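In what follows, every chain begins at residue 1, and chains take the letters A, B, ... in the order their sequences are listed. Keep in mind it's a predicted model, so treat the numbers as computed, not measured.
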There are 2 protein chains.
Amino acid sequence: MTYENLDAKLVNALLGDGRASLRSLAEELDVSVTTVSNHLSDLEAEGVIEGYTPRIDYDAVGYDVTAVIQLQVEGNALPEITDTLRDHQQMISVYEVTGDYDVIAIGKFKDTDGMNDQIKALLTDPDIKASNTSVVLNAVSENEQFELDVEDA
Amino acid sequence: MTYENLDAKLVNALLGDGRASLRSLAEELDVSVTTVSNHLSDLEAEGVIEGYTPRIDYDAVGYDVTAVIQLQVEGNALPEITDTLRDHQQMISVYEVTGDYDVIAIGKFKDTDGMNDQIKALLTDPDIKASNTSVVLNAVSENEQFELDVEDA
DNA sequence: TACATGTGATGACGTACGAAAATCTCGATG
DNA sequence: CATCGAGATTTTCGTACGTCATCACATGTA
């Protein structure tokens with residue numbers, strides 16, 4: 001048996017601590033440091049792990065308002081709109097979706113005034129047919145990354 | 001003036017590489033290793049940095065479907081519903097919001113069947129008055145964390 | 001054959017600690 | 001009232017020590 005589960009376990013261990021040393025990972029998973037190093041390199045090369053980041057609490061640095069913005073867009077203008085949204089750095093997620101609206105974007109702002117200004121500026125685009133903004137009252141969970149399945153033998 | 005900007009610069013540098021060594025950060029920001037270490041500890045203690053994680057490409061591990069689920073909920077059942085959603089590990093974000101719906105949740109699923117099963121199971125809850133699911137066709141950007149402002153002297 | 005392991009060498013790394021520098025506090029002075 | 005300066009406090013720094021990551025290569029194993 002090759003360690004099919006090792007990759008999943010490795011990812012899960014890193015989800016627990018993204019700065020864990022290879023040695024601590026090796027000990028935790030009961031394999032050698034070399035093996036951890038090899039598998040980790042593979043995971044990064046395959047694109048399963050796209051990099052490492054700190055989890056920032058934007059509330060703690062003054063971004064108190066989160067909003068979910070839904071847009072109806074002229075069909076052929078979709079790429080242009082999504083590009084614009086992505087380039088607004090305060091948009092943390094931008095999705096093209098099925099349903100009543102074509103785009104759902106999630107943004108963070110320092111206050112409601114800043115939010116209003118940015119959203120109003122966006123909506124001047126004539127290709128936006130309709131919009132709907134929901135202000136987040138409470139982020140129950142946000143950007144949680146869940147652990148991968150590990151099938152045991 | 002103390003280095004008010006150092007903390008922001010430190011966060012931004014880590015957003016670039018969450019596993020960067022204290023030494024490389026020290027060199028980049030032109031301060032000593034100890035200073036980096038101290039400020040980083042403080043940022044973690046203050047809760048600005050809540051931890052470190054790898055960025056997982058869930059597409060690459062079989063979670064091909066992302067959906068945005070909006071719910072109208074009986075007022076007094078909100079906490080119960082959000083708890084339920086949060087405990088579904090595949091829900092990566094759960095927001096209580098203003099607007100037409102009370103809750104917006106974003107989930108990841110292995111396929112549309114899995115998605116349908118989970119959503120149907122959710123909707124059996126009598127406290128959910130209405131729902132609306134948008135399937136993500138294209139994630140233009142997702143969980144992007146932006147850099148903090150650095151005011152220069 | 002393909003994968004996991006162990007070893008050894010090398011340079012880099014994290015942390016603790018005391019010294020040095022910068023900053024702040026606050027009463028005294030002109 | 002503005003300025004000064006001694007002492008206290010905070011911040012930064014350099015050093016040293018034990019640990020770590022990386023690499024190459026030989027060994028073991030299914």
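In this entry the distance linking CG of Leu6(A) with P of dA4(C) reads 7 Å, nearest Å. Separating the CG atom of Leu25(B) from the P atom of dG14(C) is a distance of 8 Å, rounded to the nearest angstrom. In this structure, CG of Asp42(A) is placed 13 Å from C1' of dA2(C), rounded to the nearest angstrom. At whole-Å resolution of the value, CD in Glu27(B) and C1' in dA12(C) are 12 Å apart. A straight line from CD of Glu28(B) to P of dC13(C) spans 13 Å, rounded to a whole angstrom. Rounded to a whole Å, the CG atom of Leu40(B) is 13 Å from the P atom of dA16(C).
No side-chain heavy atom of Tyr58(A) sits less than 4.5 Å from a side-chain heavy atom of Ile92(A). Between Arg19(B) and Leu14(A), the closest side-chain pair of non-hydrogen atoms falls below 4.5 Å. Side-chain atoms of Val136(B) and Glu142(B), non-hydrogen and from C-beta on, never get closer than 4.5 Å to each other.
The minimum heavy-atom distance linking Gly47(B) with Asp57(A) is given by the pair O-CB, 3.3 Å.
Side-chain proximity of Arg23(B) to the nucleotides dC13(C), dG14(D), dA4(C) is greatest for dC13(C). Of the candidates dT15(C), dA16(C), dT22(D), the closest approach to any side-chain atom of Val33(B) belongs to dT15(C).
Side-chain nitrogen and oxygen atoms of Thr35(B) include at least one within less than 4.0 Å of the OP1 or OP2 phosphate oxygen of dC13(D). Proximity of His39(A) to the phosphate of dC3(C): no side-chain N or O atom is located under 4.0 Å from OP1 or OP2.
With sequence neighbours left out, Glu144(B) forms a side chain to side chain donor-acceptor pair (under 3.5 Å) with no residue at all. Every residue two or more places apart in sequence or in another chain was checked for a salt bridge (Lys or Arg N to Asp or Glu O under 4.0 Å) with Asp127(A), and none qualifies.
Within residues 14-22 of chain B, the residues that have a heavy atom under 4.0 Å from DNA chain C are, in order of number, Ser21(B), Leu22(B).
Taking Ile, Leu, Val, Met, Phe, Trp and Tyr as hydrophobic and joining them when side-chain heavy atoms fall under 4.5 Å apart, one finds Tyr101(A) isolated, its cluster having no other members. Other members of the hydrophobic cluster containing Leu78(B), listed by chain and number, are Val140(A), Val65(B), Ile69(B), Leu71(B), Val73(B), Ile81(B), Leu85(B), Met91(B), Val94(B), Val103(B), Phe109(B), Met115(B), Ile119(B), Leu122(B), Leu123(B), Ile128(B), Val135(B); membership follows side-chain contacts under 4.5 Å among ILVMFWY residues, whether direct or relayed.
Annotation: the span from Glu74(B) atom CD to Asp102(B) atom CG amounts to 9.5 Å, rounded to 0.5 Å.
Comparing the helix axis at one end of the helix from dT1(C)-dA30(D) to dG30(C)-dC1(D) with that at the other, each defined from 5 consecutive pairs, gives an inter-axis angle of 40° (nearest 10°).
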